[in-house]
Amino acid sequence: MSAKGFVVGLLFAAVGIVSTAVAQQQSASSCQVAAAGTHRLDKKLYANKVQGFWLGLSIANWTGLVTEMDKIGGDGPAGQFYTRKDWQTKDQPSIWGQGIPSNLSATIDWVLADKDEVWGSDDDSDIEYIYLQLMHDSKKPLLSAEQIRDGWLAHIYKDSETPFKTAEGKPENFLWVSNQQAFDLMQQDILPPFTGMPAYNPHYDMIDAQLTTELFGILAPFRADIASKLAYLPIRTTAYGEAADIANFYVVMHALAAGVDPAKAIQPQLLLIAKQARAELPSNQYPAKMFDYVWSLYQSGIPWEEARDKLYQRYQVEQKDGYEITGKKLYCNGCFAAGINFAASLVSLFYGEGDMQETIKIAVLAGWDSDNPAATWGGLYGFVLGKTGVEQAFGRSFSDTFNIHRTRKGFTNKGIDSFGNMAMKATAIVDQVVQQQMAVKAPFTAECWHIPAFVAPTVSPL
């Protein structure tokens, strides 16, 4: 059992969508050539990409949990950041680890589930799973505030009813900071977007929206405008202002990733869509300035460790570019904040050089809330490469089985699902997105989507 204790072995028949690259090519060749002004996407190829999204997310999420909050800057051991030399060395305790390293792995290394094991859900995957199910069941991908509230209340445990306990014996429902506050507000009949507004939610500038909404990007392939529309309310369920903009940055990247060709050099393509997503950030606010600063460090040729140290100094010590989290005197100096983790994620994206494993490794070692940036890029690379490509990148096969009831409740089959089945749900949702949001009346039985390219609206001069 290579997952090192985090999964329970369980045999389950995985639902395979596409198993080989040959099958993808045969299916793609049966699709018509896209007309001018449209993108063509084969549905079977897309399903394989969605399987890759969930697989890559799970690999990176669970590997990143080993180092989560080990290194956040400041005084003491937590301020002595990891470097590339720490990969496959002894894990060090997190800031709340009471001197005990991670129970997932004694060393900083891959945490993986073999084919006869089960990937467990975590906060990087379980809210997105809820949204996937809500959209699939309602056949309306543009979720309402009431649907979001009802979905959260139906599938998330209250502290008074959860069967899970922390190491200290306290109730555990696998929600933290802004997610927990939003959940508490929903129980008081307060709906999104108010659940993410500063007047109601003091944690509105934390990382939570990032790890719950990347999914919307892959449900509107090629169309970042529509992905942002689908994600608008889910993002603002827990975020406001710059944190919401950062979450949307990742949504945009995932939507544009549908156009990344894994048969070509990946790094230039990823940098291109990252710059396109950067264009969505207000240039006078700290997320855009963070992007530009980390980009300048990458272009300077300094090692990623030095870039990470410089952004720590600039943002958590000097509070430059309007990033004022340190001045708020938060627990762990805002180690959960959207901003510093956004900057750290860009270090791993740029310095990963188009390599999935290298990108995840840097994210895992970079510091702060390391499982979340790692999961974001693991999911993005998984979507680009597809399940087949992820397994080729790692030179092995993985489990296709997913247990949403590790953290949530109320799903069929005692919470056991498969990435293949989740891909089928996503495909059905994209059918709805294409018809309802793009006004394309293609039959569901068609083998391909022909997605209209985004056309910026014409603005008449005053």
Side-chain angles (χ1 to χ4, degrees), residues 38-41 43 46-47 49-50 52-54 56-57 124-125 127-132 134-136 138-144 147-148 192-193 196 209-239 243-260 269-270 272-282 287 338 342 345 349 375-377 379-384 422-423 425-440 449-457:
T38 64
H39 303 283
R40 178 183 57 77
L41 182 57
K43 292 184 180 181
Y46 172 80
K49 292 169 78 69
V50 175
F53 167 80
W54 288 107
L57 185 158
D124 280 279
S125 57
I127 303 297
E128 287 178 299
Y129 185 95
I130 291 173
Y131 289 146
L132 179 77
L134 290 177
M135 288 183 283
H136 179 265
S138 69
K139 296 181 172 54
K140 293 182 179 180
L142 193 62
L143 296 174
S144 68
Q147 285 177 300
I148 293 172
Q210 172 191 333
L211 49 131
T212 57
T213 56
E214 299 111 328
L215 172 75
F216 293 94
I218 70 171
L219 296 177
F222 301 104
R223 291 297 298 269
D225 59 319
I226 293 175
S228 294
K229 180 180 178 181
L230 297 177
Y232 185 89
L233 199 55
I235 285 175
R236 285 156 184 81
T237 297
T238 59
D245 291 337
I246 289 170
N248 186 64
F249 172 91
Y250 296 113
V251 170
V252 169
M253 279 203 68
H254 280 71
L256 297 177
V260 175
Q269 298 179 81
L270 289 184
L272 176 61
I273 66 172
K275 291 177 181 178
Q276 291 174 312
R278 155 64 180 88
E280 301 292 324
L281 299 171
F342 174 61
S345 83
L349 175 66
T376 292
W377 300 138
L380 183 76
Y381 267 94
F383 184 61
V384 168
M422 291 149 71
K425 295 174 186 176
T427 304
I429 293 168
V430 176
D431 277 334
Q432 299 289 341
V433 170
V434 169
Q435 293 213 15
Q436 296 176 23
Q437 301 299 320
M438 302 179 192
V440 176
W449 295 295
H450 291 265
I451 297 173
F454 172 69
V455 178

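Because the structure is a prediction, the values reported are computed rather than measured.
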Is the closest side-chain heavy-atom distance between [X] and [Y] below 4.5 Å?
X: Val434; Y: His450; answer: no
X: Glu280; Y: Val251; answer: no
X: Leu132; Y: Trp54; answer: yes
X: Tyr250; Y: Trp377; answer: yes
X: His254; Y: Phe53; answer: yes
X: Met422; Y: Tyr129; answer: yes
X: Glu214; Y: Leu380; answer: no
X: Phe249; Y: Pro287; answer: no

Least distance between heavy atoms, [X] atom then [Y] atom:
X: Val430; Y: Ile218; answer: CG2-O, 4.3 Å
X: Ala47; Y: Ala423; answer: O-CB, 3.3 Å
X: Lys43; Y: Asp431; answer: NZ-OD1, 3.0 Å
X: Ala247; Y: Thr213; answer: CB-OG1, 4.1 Å
X: Val50; Y: Ala426; answer: CG1-CB, 3.9 Å
X: Asp245; Y: Pro282; answer: OD2-CD, 3.6 Å

How many angstroms lie between atom [atom1] of [X] and atom [atom2] of [Y], to the nearest 0.5 angstrom?
X: Lys140; Y: Leu134; atom1: NZ; atom2: CG; value: 13.5 Å
X: Phe383; Y: Leu215; atom1: CZ; atom2: CG; value: 10.0 Å
X: Leu272; Y: Met253; atom1: CG; atom2: CE; value: 9.5 Å
X: Leu230; Y: Leu233; atom1: CG; atom2: CG; value: 11.0 Å
X: Trp449; Y: His39; atom1: CH2; atom2: NE2; value: 14.0 Å
X: Thr212; Y: Ile148; atom1: OG1; atom2: CD1; value: 9.5 Å

I'd like to know whether Leu57 forms a side-chain contact (heavy atoms from CB on, under 4.5 Å) with Glu128, so could you lay out the CA-CA distance, the side-chain angles of the two residues, the decisive distance to 0.1 Å, and finally the verdict. CA-CA 11 Å; Leu57 185 158; Glu128 287 178 299; 3.8 Å; yes

* State whether the side chain of Gln436 and the backbone N or O of Lys139 hold a donor-acceptor pair below 3.5 Å, judged by distance alone. =>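 The answer is yes, because a donor-acceptor pair under 3.5 Å joins these two groups.
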
Name every donor-acceptor pair, under 3.5 Å, that has one atom in a side chain of residues 219-228 and the other anywhere in the protein, sequence neighbours excluded.
{"residue": "Arg223", "atom": "NE", "partner": "Asp225", "partner atom": "OD1", "Å": "2.9"}
{"residue": "Arg223", "atom": "NH1", "partner": "Pro452", "partner atom": "O", "Å": "2.8"}
{"residue": "Arg223", "atom": "NH2", "partner": "Asp225", "partner atom": "OD2", "Å": "2.8"}
{"residue": "Ser228", "atom": "OG", "partner": "Ala224", "partner atom": "O", "Å": "3.0"}
{"residue": "Ser228", "atom": "OG", "partner": "Asn248", "partner atom": "OD1", "Å": "2.7"}

Sequence neighbours excluded, the answer for salt bridge (Lys or Arg N to Asp or Glu O under 4.0 Å) partners of Arg236 is none

- Evaluate the side-chain contact (heavy atoms from CB on, under 4.5 Å) criterion for residues Ile451 and Met438: first the C-alpha distance (whole Å), next the side-chain angles of each, then the deciding distance (0.1 Å), finally the verdict. CA-CA 8 Å; Ile451 297 173; Met438 302 179 192; 3.4 Å; yes

